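Note that these values count all heavy atoms, side chains included, but never hydrogens, waters or copies made by symmetry. Remember, predicted model here, so these are calculated numbers, not experimental data.
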Amino acid sequence: RNGGERICPPTGDTFVKVLHIEMGKHLYGGAQQVAYLVEGLNQFNVKNFLMAPRGSAIAQTLKENAARIIAPEYAGDLDARLAYRVKNLVLQEDIDLVHIHSRRGADIWGALGAKWAGVPAILSRRVDNPEGPGSIRFKYPLYDQVICISEGIRKVLIENGLPPEKSVCVRSAFVASDSQNPIPRAEFLKTFNLPEQSLVIGTVAQLIPRKGHQLLIESLPILLEKHPQMQVLFFGEGAERKSLEQLISSSELNNRIKLVGFHSNLNSLIGNLDILVHPAYAEGLGVSLIQASAASVPIVASAVGGIPEIVRDRENGLLVAPGDGVALIDAIDQLASDAHLRSQLGLRGRQIAEQEFSVANMVAGNLDQYRKVLGI
């Protein structure tokens, strides 16, 4: 440093050190985005440090040369020791910037640690739930910039009182080619013990209330009257698993809906879905929707949060109002009844995923914010 300013070294040398904080244990959408970002930043001479829980999936997934992994003991959202650990690491390693990807505790402790050490902090926000006046007044001043993964999220923050200049939209990304070579259809059907002529509906989401699984379960009996070959796969895990299993059983749909859990090889599976359904009540963006589009799978989804930024009605899917069971049934019925329409929407979805949601665009957008905050 020189008088508070960083002198950029010649090309090939590290010009900025960034500490990323991602305290999730599983490689769900947000953690996967961090992995994409960290690996992409290496191409721009950024030296990455990643603070993640011991045994976390992201720490095990990242390439060895992508980041130095710091895995402290972490007792959860109320573990204020995280601030102290962040401060110490920043000072020891002469880190320039702290980029916080987690929320609910780690976002506050991480920012406090950065301020304690005298370096700027950036927050990536991936959810579209409203923030109260107290949060806007006391929490968000801790961040030098907020990166929202959708314009829908940014709009919510601005409506809640965050100054527009304090936030920017940099959308999440997906490596489109990863899901464009699915396993053979026969192998897919055998994997999940599905009949040969199945019309396969899939959801890819955590098993939590806001993802709307219950609405799809309640809609299925009507859909089966017209489409008796329909089968449903729920990919994902979550706190609602038992209650969903009970609802499926009480609805006598055990032979139609399978809760198949988290699959690390989802990229090789998702292209075999006939339709992806995402009836969420709230959604920041929805990386699984990009993943499905990249695999040429048409989508039925709620017009909520950042979803319309991925799913364009009548382009790569059909949008319905959140919680509208009648509209959900109608949209699924339209696609289930028309193979040509499914094919058209799927092809357009692949184009959208490749052109608008590349990892390169996401990395460049984040890097722009680093330069802005650091003044380089």
(request) Find the distance between CG (L244) and CD1 (I217) and round it off to the nearest 0.5 Å. (result) 5.0 Å

(request) Measure the shortest side-chain to side-chain distance between L347 and Q351 over non-hydrogen atoms and say whether it is less than 4.5 angstrom. (result) no

(request) Not counting sequence neighbours, which residues clear side-chain contact (heavy atoms from CB on, under 4.5 Å) with L345? List them please. (result) P298, L335, L341

(message) With salt bridge (Lys or Arg N to Asp or Glu O under 4.0 Å) as the rule and sequence neighbours excluded, what pairs involving residues 175-189 come up?
(response) R185-D274

(message) Does R371 form a side-chain contact (heavy atoms from CB on, under 4.5 Å) with F15? I'd like the steps, not just the answer.
(response) CA-CA 10 Å; R371 295 183 183 276; F15 83 90; 3.9 Å; yes

(message) Do V156 and I136 land in one hydrophobic cluster if side-chain heavy atoms of ILVMFWY residues count as linked below 4.5 Å?
(response) no

(request) Write down the atom of I290, the atom of S172, and the distance for their closest heavy-atom approach. (result) CD1-O, 3.9 Å

Give every donor-acceptor pair under 3.5 Å between a side-chain atom in residues 196-210 and any protein atom, sequence neighbours left out.
{"from": "S198", "atom 1": "OG", "to": "P195", "atom 2": "O", "distance (Å)": "2.7"}
{"from": "R210", "atom 1": "NH1", "to": "A282", "atom 2": "O", "distance (Å)": "3.1"}

(request) Please answer whether the main-chain N or O of A71 pairs with a side-chain N or O of R54 as donor and acceptor at a distance below 3.5 Å. (result) yes

(request) Would you check if Q33 and R126 make a side-chain contact, meaning some heavy-atom pair closer than 4.5 Å? (result) yes

(request) Identify whether V297 and V277 are in the same connected component of the hydrophobic contact network (ILVMFWY, side-chain heavy atoms under 4.5 Å). (result) no

(message) Do P120 and V373 make a side-chain contact, defined as non-hydrogen atoms from C-beta onward lying under 4.5 Å apart?
(response) yes

(request) Measure the shortest side-chain to side-chain distance between L318 and D313 over non-hydrogen atoms and say whether it is less than 4.5 angstrom. (result) yes

Side-chain polar contacts of residues 321-332 - donor-acceptor pairs under 3.5 angstrom, sequence neighbours left out - could you list them?
{"from": "D324", "atom 1": "OD1", "to": "V326", "atom 2": "N", "distance (Å)": "3.2"}
{"from": "D324", "atom 1": "OD1", "to": "A327", "atom 2": "N", "distance (Å)": "3.0"}
{"from": "D330", "atom 1": "OD2", "to": "Q334", "atom 2": "NE2", "distance (Å)": "3.0"}

(message) Using 0.5 Å steps for rounding, measure from the CD1 atom of I248 to the CG atom of L253.
(response) 7.5 Å

(message) Between E22 and M51 (side chain of the first, backbone of the second, donor and acceptor by atom type, cut-off under 3.5 Å), is there such a pair?
(response) no

(message) Between E151 and K155, does any side-chain N to carboxylate O distance fall below 4.0 Å?
(response) no

(request) Check the surroundings of atom CG in N181: do more than 12 heavy atoms from other residues, nucleotides or ligands lie under 6.0 Å from it? (result) no

(request) Flag the pair P308 / L319 as yes when at least one side-chain heavy-atom distance between them is below 4.5 Å, and no otherwise. (result) yes

(request) Would you check, one step at a time, whether the test side-chain contact (heavy atoms from CB on, under 4.5 Å) holds for I70 with R85? (result) CA-CA 10 Å; I70 297 92; R85 288 164 176 152; over 6 Å; no

(message) Minimum heavy-atom separation for A75 and R81, please, with both atom names.
(response) CB-NH2, 4.1 Å

(message) F188: which residues meet the ring pair (Phe, Tyr, Trp, His ring centres under 6.0 Å) condition with it, sequence neighbours left out?
(response) F192

(request) Look only at the side chain of N316 and the backbone of R348, and say whether a donor-acceptor pair between them is shorter than 3.5 Å. (result) no

(request) Say whether, by atom type as modelled, one donor and one acceptor occur between the side chain of R342 and the main chain of A336 under 3.5 angstrom. (result) yes

(request) Could you tell me the separation between the CD1 atom of I95 and the CZ atom of F49, rounded to the nearest 0.5 Å? (result) 4.5 Å

(message) Any side-chain to backbone donor/acceptor pair from R312 onto I352? Under 3.5 Å, distance only.
(response) no

(request) Grab the two heavy atoms, one from G317 and one from V311, that are nearest each other, plus how far apart they are. (result) CA-CG1, 4.0 Å

(request) Go through the steps to decide whether R256 and V232 satisfy the test side-chain contact (heavy atoms from CB on, under 4.5 Å), and finish with yes or no. (result) CA-CA 6 Å; R256 294 294 182 169; V232 179; 5.9 Å; no

(request) State plainly whether the residues E93 and K17 are in salt-bridge range, i.e. N to O under 4.0 Å. (result) no

(request) Would you check if the side chain of N48 reaches a backbone N or O of V38 as a donor-acceptor pair within less than 3.5 Å? (result) yes

(request) Give every residue pair that meets the ring-ring contact (aromatic ring centres under 6.0 Å, His included) criterion with at least one member in residues 354-376, sequence neighbours excluded. (result) H99-Y370

(message) If hydrophobic clusters are built from ILVMFWY residues whose side chains come within less than 4.5 Å, do V170 and V287 share one?
(response) no

(message) Would you compute the distance between atom OG of S293 and atom CD1 of I299 and round it to the nearest 0.5 angstrom?
(response) 3.5 Å

(request) Determine, stepwise, if the pair L233 / Q231 fulfils side-chain contact (heavy atoms from CB on, under 4.5 Å). (result) CA-CA 7 Å; L233 300 177; Q231 298 281 339; 6.0 Å; no

(message) Contact between I153 and V127 at the side-chain level, heavy atoms closer than 4.5 Å - yes or no?
(response) no

(request) Of all the heavy-atom pairs spanning S150 and C169, show the shortest one and how long it is. (result) C-SG, 3.5 Å

(message) Please find the pair of heavy atoms, one from I307 and one from A301, that lie closest to each other, and give the distance.
(response) CG2-CB, 3.8 Å

(message) How long is the straight-line distance from CD of Q344 back to CZ of R314, given to the nearest 0.5 Å?
(response) 10.5 Å

(message) In this structure, would L194 and M230 fall into the same cluster of hydrophobic residues linked by side-chain contacts under 4.5 Å?
(response) no

(request) Determine the minimum heavy-atom distance between S288 and I270, stating which atoms define it. (result) O-CD1, 4.3 Å

(request) Taking the side chain as every heavy atom from C-beta outward, state whether L19 and V119 have any atom pair closer than 4.5 Å. (result) no

(request) Treat each ILVMFWY residue as a node, draw an edge where side-chain heavy atoms are under 4.5 Å apart, and state whether I376 and F44 are in one component. (result) yes

(request) Please name all residues satisfying salt bridge (charged side-chain N to carboxylate O under 4.0 Å, His left out) with E252, sequence neighbours left out, ordered by chain then number. (result) none

(message) Once side-chain hydrogen bond (donor to acceptor under 3.5 Å, both in side chains) is applied, what residue pairs with a partner in residues 258-268 remain, sequence neighbours excluded?
(response) N267-Q291

(request) Would you list the pairs meeting salt bridge (Lys or Arg N to Asp or Glu O under 4.0 Å) in which at least one residue belongs to residues 132-144, sequence neighbours left out? (result) D107-K139, K115-D144, E131-K139

(message) Using a 4.5 Å cut-off between side-chain heavy atoms of Ile, Leu, Val, Met, Phe, Trp and Tyr, which other residues end up in the same hydrophobic cluster as W116?
(response) Y84

(message) With rounding to the nearest 0.5 angstrom, report the OG to CD1 distance, S135 to I108.
(response) 7.0 Å

(request) Say whether R125 and Y143, considering side chains only, have a donor N or O and an acceptor N or O under 3.5 Å apart. (result) no

(message) Contact between M362 and R171 at the side-chain level, heavy atoms closer than 4.5 Å - yes or no?
(response) no

(message) By the ring-ring contact (aromatic ring centres under 6.0 Å, His included) test, which pairs, at least two apart or in different chains, include something from residues 193-229?
(response) H213-F234

(message) Per the salt bridge (Lys or Arg N to Asp or Glu O under 4.0 Å) rule, what does the pair list look like for residues 217-232, sequence neighbours excluded?
(response) K226-D333

(message) I'd like to know if the side chain of E283 reaches the main chain of V304, judged simply by a donor and an acceptor atom lying under 3.5 Å from each other, with no hydrogens or angles considered.
(response) no

